[in-house]
A.B. asks: 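Got a structure for you, written out below as structure tokens; questions coming shortly.
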Amino acid sequence: MILVENLVFQYPKTDAPTLKGLDFNIAKGEVFGFLGPSGAGKSTALKVLYKVYGKYDGAVLIDGKNLAEWDNSYFEKIGVGFELPNHYLKLTGKENLDLFATFYKNGQHRDVNALFELVDLKDAINKPVENYSKGMKMRLNFIRAIQHNPDILFLDEPTTGLDPVNAHKIKELILKLKGEGKTIFITTHSMETADDICDRVSFIVDGKLQATDSPKNLKKEYGREAVNVELNNGHVQEFPLGNLGENDAFLDFIRQDGVKRIHTQEATLEEVFIRVTGKSLKS
């Protein structure tokens with residue numbers, strides 16, 4: 001659905017490109033993530049893909065068609081969830097969605113009341129957005145992006161500013177949209193979000209992609225094949241995962257007392273990111 005080859009983008013009056021030859025592809029029905037710290041180029045890449053920035057080098061194909069050749073019908077095909085919500089504050093939530101629906105030829109494909117119910121905003125549907133909290137604005141931002149039922153979604157930091165309950169709800173909705181066949185490109189610095197919902201991720205640092213694979217494969221490649229065992233008596237020991245049931249040292253250890261917990265020593269996605277890139281997400 002999305003093919004990007006050697007994408008280079010440089011802001012005017014700067015000495016070096018922000019995007020330095022990106023290559024990636026996203027299949028129909030895939031959730032794909034760009035992971036990286038602030039300033040890595042995540043949002044810039046999105047702005048190229050949803051045609052805010054038109055002057056770039058390289059090739060961008062959307063559904064087999066060069067991005068530059070798409071006319072305004074392109075905006076019927078995509079939905080955008082911006083990192084910073086931009087609503088009309090004096091209008092109510094419903095008035096905002098009704099207004100933005102007029103931008104599309106076919107208007108609102110999804111029922112507006114059902115959209116507010118999806119993100120637990122039904123009680124705020126007729127309240128001015130200036131009275132919304134940041135988290136409420138982010139949820140309104142999300143349903144605005146999906147209201148016209150687009151084939152492709154670009155979501156910039158979709159869980160930023162949300163409490164754990166609502167962040168989980170948004171992740172569940174993203175997976176539901178994937179189940180409907182939507183192609184979803186997210187940018188985030190939240191490794192937990194990426195691990196929960198992305199089929200594949202790319203690590204981006206300083207405008208370059210450092211690695212691309214599924215979170216599972218990345219954690220397997222960079223993690224340790226071991227288990228950490230804690231007994232009820234407080235003793236803790238690590239053992240190789242291979243042939244664990246035949247490991248005499250392991251069997252002798254767990255006979256000492258009841259097992260309190262066993263954890264595999266799988267690396268977290270954030271640990272993998274640091275190992276691959278040498279950068280912290282906060283850098």
Side-chain angles (χ1 to χ4, degrees), residues 2 4 7-24 26 31-58 60 78-87 133-142 144-145 153-164 166-168 170-171 174 184-198 200-213 215 218-219 222 267-283:
I2 299 174
V4 175
L7 176 61
V8 177
F9 179 85
Q10 183 167 346
Y11 288 96
K13 300 180 181 179
T14 58
D15 296 330
T18 297
L19 305 179
K20 303 169 184 176
L22 304 187
D23 291 285
F24 62 93
I26 308 174
V31 181
F32 184 87
F34 258 16
L35 313 186
S38 297
K42 304 187 301 295
S43 295
T44 299
L46 277 189
K47 288 173 182 175
V48 169
L49 288 172
Y50 53 71
K51 298 193 75 171
V52 169
Y53 297 153
K55 293 183 179 180
Y56 58 84
D57 293 318
V60 179
I78 68 171
V80 179
F82 299 97
E83 179 180 6
L84 299 175
N86 52 342
H87 308 294
S133 67
K134 181 179 179 181
M136 292 168 71
K137 290 175 182 175
M138 285 299 297
R139 285 179 275 156
L140 180 63
N141 197 46
F142 181 82
R144 193 185 76 189
L153 280 167
F154 297 111
L155 303 175
D156 197 355
E157 302 287 356
T159 58
T160 293
L162 298 179
D163 61 75
N166 283 304
H168 177 75
I170 292 298
K171 288 186 283 189
I174 290 172
I184 303 168
F185 184 13
I186 73 166
T187 67
T188 183
H189 62 265
S190 168
M191 293 293 156
E192 180 183 357
T193 295
D195 203 359
D196 287 344
I197 65 175
C198 288
R200 289 186 303 135
V201 297
S202 275
F203 294 160
I204 181 169
V205 175
D206 297 329
K208 296 181 180 179
L209 300 185
Q210 306 289 331
T212 300
D213 208 334
L218 287 167
K219 289 187 293 182
Y222 292 94
T268 67
L269 203 53
E270 183 164 359
E271 288 171 341
V272 173
F273 181 89
I274 293 170
R275 290 181 196 176
V276 170
T277 68
K279 299 278 189 177
S280 166
L281 287 172
K282 299 178 176 63
S283 64

A.B. asks: On the 0 to 90° scale, with breaks at 30° and 60°, tag the F32-F34 ring pair as parallel, tilted or perpendicular.
C.D. replies: tilted
A.B. asks: Pairing donors with acceptors under 3.5 angstrom, does anything connect the side chains of T18 and T44?
C.D. replies: no
A.B. asks: Quick one, I204 and L209 - any side-chain contact, counting heavy atoms below 4.5 Å?
C.D. replies: yes
A.B. asks: Please examine the side chains of T268 and E192, heavy atoms only from C-beta on, and report whether any two atoms are closer than 4.5 Å.
C.D. replies: no
A.B. asks: Taking ring pair (Phe, Tyr, Trp, His ring centres under 6.0 Å) as the definition, give me every residue that meets it alongside F203, ordered by chain and number, with sequence neighbours left out.
C.D. replies: F273
A.B. asks: How about K208: does its NZ atom have over 12 heavy atoms from other parts shown lying under 6.0 Å from it?
C.D. replies: no
A.B. asks: Using the ring of each side chain (for Trp, its six-membered ring), is F154 parallel, tilted or perpendicular to F185, with breaks at 30° and 60°?
C.D. replies: perpendicular
A.B. asks: Using the salt bridge (charged side-chain N to carboxylate O under 4.0 Å, His left out) rule, collect all pairs that involve residues 39-55, keeping only residues at least two apart or in two chains.
C.D. replies: none
A.B. asks: Can you find a pair of side-chain heavy atoms, one from N86 and one from R144, that are under 4.5 Å apart?
C.D. replies: yes
A.B. asks: Applying side-chain hydrogen bond (donor to acceptor under 3.5 Å, both in side chains), can you list everything that pairs with D213, at least two apart in sequence or on another chain?
C.D. replies: N217
A.B. asks: Is there side-chain contact between I170 and I174, with heavy atoms separated by less than 4.5 Å?
C.D. replies: yes
A.B. asks: How long is the span from the NZ atom in K171 to the CG atom in D195, to the nearest 0.5 Å?
C.D. replies: 9.0 Å
A.B. asks: Can you tell me how far the CD1 atom of I197 sits from the OG atom of S190, to the nearest 0.5 Å?
C.D. replies: 8.5 Å
A.B. asks: Please tell me if the side chains of F24 and T212 come closer than 4.5 Å, counting only heavy atoms from C-beta onward.
C.D. replies: no
